[in-house]
Amino acid sequence: MAFSTEAVFREDSYLRETEAKVVGVNERGGIILDRTIFYATSGGQPGDTGLMVRDDGSQIAVAATITGESKDEIIHVPALHQAIPEVGERLRLAIDWPRRLLLMRMHAACHLLTVVCPYPITGASVHEEDSRVDFDIPDAGFTKEDVTAQLMELVRANHPIYNSWISDAELVANPTLVKSKNVRPPSGTGKIRLVCIGDNASIDSQPCGGTHVASTGEIGEIHIGKIEKKGRENRRFRIRFGAMPAN
Ligand SMILES: [Zn+2]
């Protein structure tokens with residue numbers, strides 16, 4: 001039987017610490033809680049790492065977070081040689097916040113890239129240092145300098161980034177919301193989370209379950225490190241932090 005974990009990060013991506021109760025430990029030592037702030041790997045964003053603190057002050061290091069039998073079941077994978085908590089035990093949770101914040105900034109930057117390059121997305125992968133988005137475009141016609149300039153214009157405008165929820169039926173009625181060519185947003189649960197950028201979503205809105213910063217200004221300085229050709233109709237854009245290096 002799969003558990004259903006309350007995904008606190010979905011409503012509040014800035015919560016760094018909270019408490020939760022152990023509801024299950026699977027045969028491989030994976031810890032399942034009633035609620036969590038640990039994002040589970042999906043949609044190209046890696047899961048959180050961090051710590052669980054027991055009542056006696058001892059710590060359990062979390063090396064990875066993944067989904068289980070269902071998307072609603074979140075499994076905290078301990079590092080090697082950690083103590084295993086009891087079902088029913090209460091734990092204090094703390095995510096590796098500096099790492100998560102980098103991922104939130106990068107993930108939001110990927111959304112901005114899909115605004116600057118409004119083409120079908122064939123893949124994406126978010127990392128702390130370097131992220132990539134693949135687009136279905138026959139010829140780039142883009143230069144990394146131009147794309148960087150347009151991204152930084154959106155960053156400097158400091159647009160708000162916020163969530164709004166729509167029903168499955170509303171999504172079906174607005175198919176252009178979905179920019180991903182291969183991945184359909186999860187449906188059947190009745191509601192879908194849209195990530196909106198700009199007042200009244202004037203810049204963008206698209207279904208996404210990841211974690212993002214609350215404004216484009218928080219992304220900070222970024223640049224396109226590379227535009228690579230991946231097959232005849234595919235271009236891979238790499239986003240990096242910091243100013244574009246000279247030459
Ligand atoms: Zn997203």
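Just so it is clear, the structure is predicted and the values come from calculations on it, not from any experiment. Each ligand, and each atom within it, is numbered from 1 in the order the structure gives.
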Without placing hydrogens or testing angles, list every side-chain donor-acceptor pair under 3.5 Å for residues 77-87, not counting sequence neighbours.
unit_1, atom_1, unit_2, atom_2, d
Q82, OE1, A61, N, 2.7
Q82, NE2, L80, O, 3.2

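Atom CD of E228 has more than 12 neighbouring heavy atoms from other residues, nucleotides or ligands inside a 6.0 Å radius.
Ring orientation note: the planes of Y14 and W97 are tilted relative to one another, at an angle of 30° to 60°.
For F135 and F237, the gap between ring centers is short of 6.0 Å.
Contact check on E17 versus R92 returns a salt bridge, with a Lys/Arg side-chain nitrogen under 4.0 Å from an Asp/Glu carboxylate oxygen.
Near the Zn ion (ligand 1), less than 2.8 Å away, sit the protein N, O or S atoms H107 NE2, H111 NE2, C208 SG, H212 NE2.
N200 places no side-chain N or O within 3.5 Å of a backbone atom of S202 that could act as its donor or acceptor partner.
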